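Scroll down for the structure; my scribbles are underneath it.
Fair warning: this is a prediction, and the values are worked out from it, not measured in the lab. Worth knowing before you read on, the calculation uses all heavy atoms, side chains too, and leaves out hydrogens, waters and symmetry mates.
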Amino acid sequence: MSASQQSPWQTYVPRIDKRHQHWLTDTNSLTLKLKRHCQQFQVLRAFQGKRPLHLSEYRAIDRPLGRPVMTRDVILCCDGQPVVIGHTITALDTLKRHWPFFNALGNKALGLTLFFNPLITRKPFEYTRLARHDKLYQLAQQTLKTQGFQMDLPEYLWARRGVFVHQRQKGSRMMVTEIMLPSVYALTELRKSLHYDRP
């Protein structure tokens, strides 16, 4: 796929219905936000293993194009309904030293581990509108299919991504991309606040 076929990532706020915009721009924990909007929150790990970098990813985490990285793909569900596809990548040579918790996550949410660690900071979000030809759009389709979900996706999907940096290891990056499924915009907030209890 050529660079011209990749939907560009931008730092400005996307042109999306203002009622839905907060799902992309809210800088607080997405996991806690989703939990406030449902009775039962669930993380389904669809894939975790080595994959080559996508064309749109290698500059963001400063790794050579085509080099394998550790990848984790999950489906975030609210009351049994898929609402977000999570796609995480990090370099293999930094995984054990800088992100030791990664391989032990299983079906736990990665976001809480990153969000509440004072040594980890997140760079500003980038946004894009994924078209059907985009690798990440196709990833969302395949992830849902392999987990048995039958969903007719629209022509475009909004996504955001953020690069997490460990303050003691400045060259170590982990990038989390969140692809919003149409069902997320239909959620209704059930709880105004939700506190996270540290283990």
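In this structure, W9 is not a member of the same hydrophobic cluster as Y156, with clusters built from ILVMFWY side-chain heavy atoms closer than 4.5 Å.
No side-chain donor-acceptor contact under 3.5 Å links E178 to the backbone of R161. When atom types are taken as modelled, the side chain of R173 and the backbone of A60 share a donor-acceptor pair closer than 3.5 angstrom. Put simply, the side chain of D73 never gets that close to the backbone of H87: no donor and acceptor are under 3.5 Å apart. Remark: the backbone N or O of P82 is paired with a side-chain donor or acceptor of S183 at under 3.5 angstrom. Counting only distance, with no hydrogens or angles, the side chain of T128 and the backbone of A159 share no donor-acceptor pair below 3.5 Å. Judged by distance alone, with hydrogens and angles left aside, the side-chain atoms of D79 form no donor-acceptor pair with the main-chain N or O of C38 at under 3.5 Å. With D134 contributing its side chain and L136 its backbone, the two residues share no donor-acceptor pair below 3.5 Å. Between the side chain of T143 and the backbone N or O of A140, no donor-acceptor pair lies under 3.5 Å.
Between R63 and D93 there is a salt bridge, since a side-chain N of the basic residue sits under 4.0 Å from a carboxylate O of the acidic one. For the pair D26 and K33, the salt-bridge criterion is met [side-chain N within less than 4.0 Å of a carboxylate O].
Interatomic distance, I85 CD1 to L181 CG, rounded to the nearest 0.5 Å: 5.0 Å. Put simply, CZ on R45 and CD on Q147 are 10.5 Å apart, with the number rounded to the nearest 0.5 Å. Distance CZ/F164 to CD1/I120: 8.0 Å, rounded to 0.5 Å. Put simply, CD1 on I61 and CD1 on I89 are 4.0 Å apart, with the number rounded to the nearest 0.5 Å.
By the 6.0 Å and 45° rule, R51 stacks over the aromatic ring of F47. Cation-pi geometry between R132 and Y137 is not met: the NZ or CZ atom fails to fall both under 6.0 Å from the ring centre and inside 45° of the normal.
Residues R160 and Y127 bring no donor and acceptor atom of their side chains to less than 3.5 Å of each other.
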> Can R72 and L105 be said to form a side chain to side chain contact (heavy atoms under 4.5 Å, CB included), step by step?
Replying inline: CA-CA 10 Å; R72 184 175 190 257; L105 283 169; 3.6 Å; yes

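Across R122 and T27, no two heavy atoms sit closer than the pair NH2-O, 2.6 Å.
Aromatic ring orientation, Y185 versus H20: parallel (interplanar angle below 30°, classes split at 30° and 60°).
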